[in-house]
Amino acid sequence: MKRFFSVLTGLMLILGNLGAQDMAKDFQDPPKDARIRVWWHWMDGNISKDGIRKDIEWFKRAGIGGFQQFDAGGTMMGGGQAIVEKLPYMSDTWKDAFRYAIRLADSLDLEVAIASAPGWSSTGGPWVKPENAMKRLTWRTVEVKGDPKAKTPQKITFPEPFGNVGKFQNAGESSLTSSPANIEYWYDDVAVIAMRIPDDDVSMAQMGAEVSTSGGDFTVAQLTDGDLANGSSLKVNPSGTHSWIQYSFPEKTIVRALTLVGGQVRGQWASESPSYSNYLQASDNGIDWTTVCRIPSGSVAQQTIDIPITAAKYF
């Protein structure tokens, strides 16, 4: 037993020493899957085989494991000053240069990825069919009351899908969307999702909710029907004061979550403006208010958040 223990200990020491040696070796010469990858922008066709060779050979010398080739440029990126005779995207000369880049990278054992499309933060082109292009999900809802005594399947008529081209539901030209011109409309069904509504589920109208604002004309139905093409403007109050929409209920009502549509939609690269804020406040008398939570702006048009469970007559 003692002999087996000493042999096992010896093996552990040898393995541990080998591990340390491998770690030191891998640190000095990392394996391919541990090396960094970089974005490699081809700006406005300012490319040449000589420049391609110099870049890729430098990638190899610097220990980079690979790159993602990305065609970019245009006015959003400052145009691009011509430093060589430009090779327009997908021209014969561009394709020849691209083949040269891929073959050279392969010969040097560099991993290559290719961006999904030319341009800046875009995907698509006239060669991409609508069914293969980027899409957005849109939805419509319908409430159905089942008949347990029915002997034949119940026929359900679904609302027509939204037909506008935009970023979210049926929002028109607003802060929520900017509909591109000359975009071919394409639609296909994805799924039908059914869920049982709790027996005690009631609408805002059934709860007796009423709406008032600091400046604007809104109704409960208008704020809860999901129709973003039927909206009104909330007047912006002078600096230092808040604009508000208030829901009031006949008696104390418990709120656990809220859904906000619109507000400030934060861009992909932008941070939230420090001067912008949405808050949910609660009151029992409509005069003395307590802040329940801040509602963060997001990069999506609609967001639902849970909140501290709050009972009040006014929100």
Side-chain angles (χ1 to χ4, degrees), residues 37 39-44 67-77 88-90 94-95 98 111-144 155-197 222-231 257-272 278 295-306:
R37 275 67 172 166
W39 272 20
W40 187 30
H41 284 109
W42 289 18
M43 301 297 294
D44 283 306
F67 57 83
Q68 173 162 299
Q69 185 274 345
F70 200 125
D71 267 88
T75 56
M76 290 182 63
M77 298 294 293
Y89 175 74
M90 292 303 287
W94 184 96
K95 292 178 181 178
F98 187 78
E111 182 182 277
V112 178
I114 305 168
S116 57
W120 178 248
S121 299
S122 62
T123 299
W127 57 90
V128 180
K129 296 179 180 179
E131 59 268 27
N132 297 326
M134 294 181 70
K135 306 171 185 68
R136 66 184 175 109
L137 283 175
T138 185
W139 62 91
R140 302 297 300 270
T141 60
V142 59
E143 291 189 14
V144 178
K155 184 178 180 180
I156 302 174
T157 301
F158 292 102
E160 287 293 320
F162 293 126
N164 66 304
V165 177
K167 293 182 179 179
F168 185 74
Q169 292 292 75
N170 69 328
E173 296 290 344
S174 68
S175 60
L176 295 182
T177 179
S178 179
S179 296
N182 303 319
I183 298 296
E184 178 183 351
Y185 174 70
W186 185 90
Y187 173 86
D188 193 17
D189 288 324
V190 176
V192 176
I193 301 174
M195 62 184 69
R196 181 174 178 174
I197 300 176
Q222 187 183 48
L223 292 174
T224 58
D225 62 5
D227 184 355
L228 301 182
N230 176 29
L258 64 85
T259 296
L260 178 69
V261 183
Q264 176 171 312
V265 180
R266 188 174 66 243
Q268 182 178 4
W269 309 108
S271 60
E272 183 174 307
N278 276 333
I295 306 170
S297 66
S299 58
V300 293
Q302 175 175 309
Q303 58 176 328
T304 299
I305 63 172
D306 58 350

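Here the structure is a predicted model, which is why all the values come from computation and not from measurement. Positions are given from 1, in the same order as the sequence printed here.
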Evaluate the criterion side chain to side chain contact (heavy atoms under 4.5 Å, CB included) for residue pair Phe70 and Ile114; output intermediate values, then yes/no.
CA-CA 6 Å; Phe70 200 125; Ile114 305 168; over 6 Å; no

Using the side chain to side chain contact (heavy atoms under 4.5 Å, CB included) rule, take Val192 and Phe158 through it: C-alpha gap first, then chi angles, then the decisive distance, then the call.
CA-CA 10 Å; Val192 176; Phe158 292 102; 3.9 Å; yes

With side chain to side chain contact (heavy atoms under 4.5 Å, CB included) as the criterion, how do Arg37 and Gln68 come out once you've worked through the C-alpha distance, each side chain's angles and the decisive distance to 0.1 Å?
CA-CA 7 Å; Arg37 275 67 172 166; Gln68 173 162 299; over 6 Å; no

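To the nearest 0.5 Å, the span separating NZ on Lys135 from OH on Tyr187 amounts to 13.0 Å. Here Asp188 contributes atom CG and Glu131 contributes atom CD; the two are 9.5 Å apart, rounded to the nearest 0.5 Å. Of the inter-residue distances, the one linking Thr259 atom OG1 with Gln302 atom CD reads 6.0 Å to the nearest 0.5 angstrom. Here the CZ atom belonging to Phe98 is positioned 6.5 Å from the CH2 atom belonging to Trp42, to the nearest 0.5 angstrom. Atom-to-atom distance recorded for Leu258:CG and Ile305:CD1 is 4.5 Å, nearest 0.5 angstrom. One finds the CH2 atom of Trp94 at 5.0 Å from the OH atom of Tyr89 (value rounded to the nearest 0.5 Å).
Nearest heavy-atom pair, Asp227 versus Asp225, reported as atom, atom and distance to 0.1 Å: N-OD1, 2.9 Å. Here the closest heavy-atom approach between residue Asn170 and residue Gly226 is recorded as OD1-O, 4.1 Å. Here the shortest heavy-atom pairing between Asn230 and Gln222 reads O-CG, 3.5 Å.
For Asp189 (side chain) and Ala191 (main-chain N/O), no donor-acceptor pair under 3.5 Å exists by modelled atom type. With Gln169 contributing its side chain and Phe162 its backbone, the two residues share no donor-acceptor pair below 3.5 Å. Put simply, the side chain of Arg140 gets close to the backbone of Glu160: a donor and an acceptor are under 3.5 Å apart.
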